[in-house]
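The next block holds one structure in the form of C-alpha cells; read it before the comments.
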2 protein chains.
Amino acid sequence: MKKEAEVLVADEIGGEVTTDASLIGRVRALYEAMAPAERRVADLILYFPGELHGYSASELAGLAKTSNAAVSRFVRRLGFGNFEEMRLLARQESENGSPVALMRQQGQAASAQPHDLARHVETVTNNLQKTVAGIDSLAWTALIEAAATAPRVWINGFRHGFHLAGYLKWSLAHVRGNVFLIPGPGETFGESLVDAHPGDLAVLFAMRRRVPATTRLAKTLREIGVRVAIVTDSGMTDTLGAEFVLRCQSRTRGATDDHASAFVLAHALIEGLIQHLGPDARKRFTAVDSRHDAMGEFG
Amino acid sequence: MKKEAEVLVADEIGGEVTTDASLIGRVRALYEAMAPAERRVADLILYFPGELHGYSASELAGLAKTSNAAVSRFVRRLGFGNFEEMRLLARQESENGSPVALMRQQGQAASAQPHDLARHVETVTNNLQKTVAGIDSLAWTALIEAAATAPRVWINGFRHGFHLAGYLKWSLAHVRGNVFLIPGPGETFGESLVDAHPGDLAVLFAMRRRVPATTRLAKTLREIGVRVAIVTDSGMTDTLGAEFVLRCQSRTRGATDDHASAFVLAHALIEGLIQHLGPDARKRFTAVDSRHDAMGEFG
DNA sequence: GCAATTATGAAATCATATTTTCAATCACAG
DNA sequence: CTGTGATTGAAAATATGATTTCATAATTGC
C-alpha cells in the first residue's frame, strides 16, 4: 500500500515522457489518455496472469483482440522506443521480484522489513498448502462433478461461514442455475427445503464454533437424500455424515481463525466447475455479466 | 503455431536414458553427448537465474560466451524443431509452476485433475505473496492505527466485495464497536451516512468491475472528511482519492478473479487490530462470544 | 607428423516479428 | 447531412532475430 501522493504520474502530453515508474505504474498513469484499442492492451497487461516478457507483441495483440499496430502505438505511448525496450523492463522487474521492489530502489530507501503482515501471510500460506495436501484429488473431482450435475445446489453457513456461503452462492449463480442460500431471509430451514430432492447437492460451511442448526440441517439433508459436502476445520471430529469432507487448516498464532483456505476452496470449486462445464458455463457467466451491464450497474 | 513438432526427446545414441520431458530434464539427459560449446549453453540453462523465456537465442549465446550457431545446434539436439518451440515449453513450464508439475502431467496420464486444484492454489499463493510485497509496512501500520482510533468505521462492498465487506464487518464488530456496513438493507447511502463524521474510517472493497456507486461513495466520504481506505486490484487506475490503497493481485488463469488476497488482508487487519488494542480487544472479543453462548447459539 | 574428423563462430541467408503507412470507418460538431 | 479529426487494422516496409553455410581451428587416430 502506498499513500496516494506517492503514486507517480507521468506528464503524458508533450511527448517527453520521462517517468521512472514501474511498467504497470506507467500503464496506470497513462490509462486515461488511451484509445479503446490501446486500453484493451493495457487491461491485458494490468491483469496479466503470467510473466509479460516471453510474449511477443503479436501474441499480445492477439490476446487483446486488437491489431499489431495498436500494440505498437501502445508501446510508444508508454514512452518506450520500441517493443523490445518494454520487454526488457518487464523482464528486469520480474527478476527483481515485484515491480514495487524496483520502484523502491529508485524512490525511497528501504522501509521494508518483514512485518507482522508478512508473517501472518506466511501462516496463511502454510495453512493453504496443508489444506490442499489433505484433499483427495478423486474426491475433489467427484465434488465438481456433483456440483455440475446436481439439479439444485443448497448452500449454508453461519457466523464466518455465512459470508463464505454468500460468496459461494453469488459466484456459483454465475455458473449454473438453481443455487440457493439457505435459510433465506426470514425463513426457517423447513420452508427453505421444501424443494430439496434426492440427488441435489448441499455445501455446508461448518467451521469451528458450529451452531447446532448446522448439525440438524446436515441430518435433514441426508434424510432427504441430498448429497452433502462440508467445509470444516482440520480438528473437527464430527463430519456430520457428509459424503464430501473438505478439511481446512485454520489455526493462526493470533486470536482468530484463518478461513482463507475455505475461501480459496470455494473459489477453486467455481473455477473447476467452469472448466468442467466448458462453453456452457462461460456462456452463462458472460450472460450474467452483460445482464448486469444492461442494468447499468457498473462503471 | 506449427503442428509438426513432435515433442519427443530423441533418445539419442545409447537410448538408455529414461527421459523426462521437462526442459531441464532434457538438457541433463543429453548433457554427456554435447560438445563443449553446447555444454556452456546447457550450464547456463541448468543454473539459469531468471526465467528462460524472454531471452532470445542471441542473448543466450552471448551469456554462454558462444555463437548463435552453437545455440541453434543445441536447440536441435534437444529435439526441438527450432528455438521458438523451446521458448514455448519454457514459458509453459514457468507458468505451470514448477517444471516438476509438467513432468508429472505427462508421466501419469490418467490421473487427470489432481493438479488443477494444486495449480490453482499455487496461483493464489503467488498472488498473496505479490500483494503483500506491494504493501508498505508503514502505511499498513497507519491503517491499523486508524482502525483502532476512528470513532466509527464504515464498510462497503458490492458484488464480490459485498461478501468480503460482510466478513470484515462481522469480524471487526468482535473487536471494536461502531462498525457499520453500508448501505444497510433498504437504505440509501444518504441515510446510511448521516452519522458519518470527520476522522471516521471507511473501508471500501472496490475490485474489478466496480459499480458507479462506489465511486460516488468515495467522493462523498472524502467530502465529509472521512478517511478512506480502498481494497482494489493491482490494475485499477483510479484509486478514488483514497488515503490508503491496498492493491491486491487477483488475476488467475481461469475465468474468474481471485479475491483471496483481499480476504486475507481483511483478516490480517483484524489480527493487527487485536494486537494493537491489546487486552481491550480481547476482552470485547470474548465478551461477544460468551454473549453468543448465553443465547445458546453454538454447539 | 599427417590425414580424417569434429567443433567452432563469422557472416550470409532466411524467417519472423515489429513498425509504418494508409484507406476505411467512426464520432461528433456545425 | 457534411466536414473534420480521431481511431482502427490490413498490409507493405523494415528491423531484428534465428538458422545455415563455410572456412578455419582444434582434436583424434594411426
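Just so it is clear: chains get the letters A, B, ... in the order the sequence lines come, proteins before strands, and each one is counted from 1.
Each of B:Arg73, B:Arg77, B:Arg76 was checked for a side-chain hydrogen bond (donor to acceptor under 3.5 Å, both in side chains) with B:Glu38, and the lone residue meeting it is B:Arg77.
A cation-pi arrangement is found for B:Arg91 relative to A:Tyr55, the charged atom lying closer than 6.0 Å to the ring centre and inside a 45° cone about the ring normal. A cation-pi arrangement is found for B:Arg208 relative to A:Tyr47, the charged atom lying closer than 6.0 Å to the ring centre and inside a 45° cone about the ring normal. Annotation: cation-pi pair B:Arg26/B:Phe80 present, NZ/CZ under 6.0 Å from the ring centroid and within 45° of its normal.
Here C:dT16 presents its P atom at 14 Å from CG of B:Leu88, a figure rounded to the nearest Å. As a whole-Å value, the separation of A:Met86 CE from C:dT18 C1' is 12 Å. Between A:Asn82 atom CG and D:dG17 atom C1' the separation is 13 Å, expressed in whole Å. The CE atom of A:Met34 sits 13 Å away from the P atom of D:dT7 (whole-angstrom rounding). Here C:dT18 presents its P atom at 5 Å from CZ of A:Phe83, a figure rounded to the nearest Å. In this structure, the CZ atom of B:Arg77 is 12 Å from the P atom of C:dT6, given to the nearest Å. The CZ-C1' distance, from B:Arg87 to D:dT16, rounds to 12 Å in whole Å.
The two atoms that bring A:Thr66 and A:Ala37 nearest to each other are OG1-CB, 3.9 Å, heavy atoms only. A pairwise comparison of heavy atoms in B:Asp257 and A:Tyr167 identifies O-OH, 4.4 Å as the closest pair.
Using a 4.0 Å cut-off, some side-chain N or O of A:Arg40 falls inside it from OP1 or OP2 of D:dG9.
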side-chain contact (heavy atoms from CB on, under 4.5 Å) between A:Gln129 and B:Glu122, intermediate numbers included | CA-CA 9 Å; A:Gln129 228 72 41; B:Glu122 195 165 338; over 6 Å; no
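Taking only side-chain atoms of A:Arg76, from C-beta outward, the nucleotide of D:dT8, C:dT8, C:dT19 with the closest atom is C:dT19.
Aromatic ring centroids of B:His259 and B:His163 lie 6.0 Å or more apart.
For the pair B:Pro36 and B:Glu84, both in contact range of DNA chain C, the more 5′-proximal nearest nucleotide belongs to B:Pro36.
Against DNA chain D, the stretch residues 68-75 of chain B makes heavy-atom approaches under 4.0 Å through B:Asn68, B:Ala69, B:Ser72. Less than 4.0 Å separates DNA chain D from at least one heavy atom of each of the following residues of residues 54-62 of chain B: B:Ser56, B:Ala57, B:Ser58.
Between A:Glu51 and A:Arg87 no salt bridge is recorded (no basic side-chain N to carboxylate O distance below 4.0 Å).
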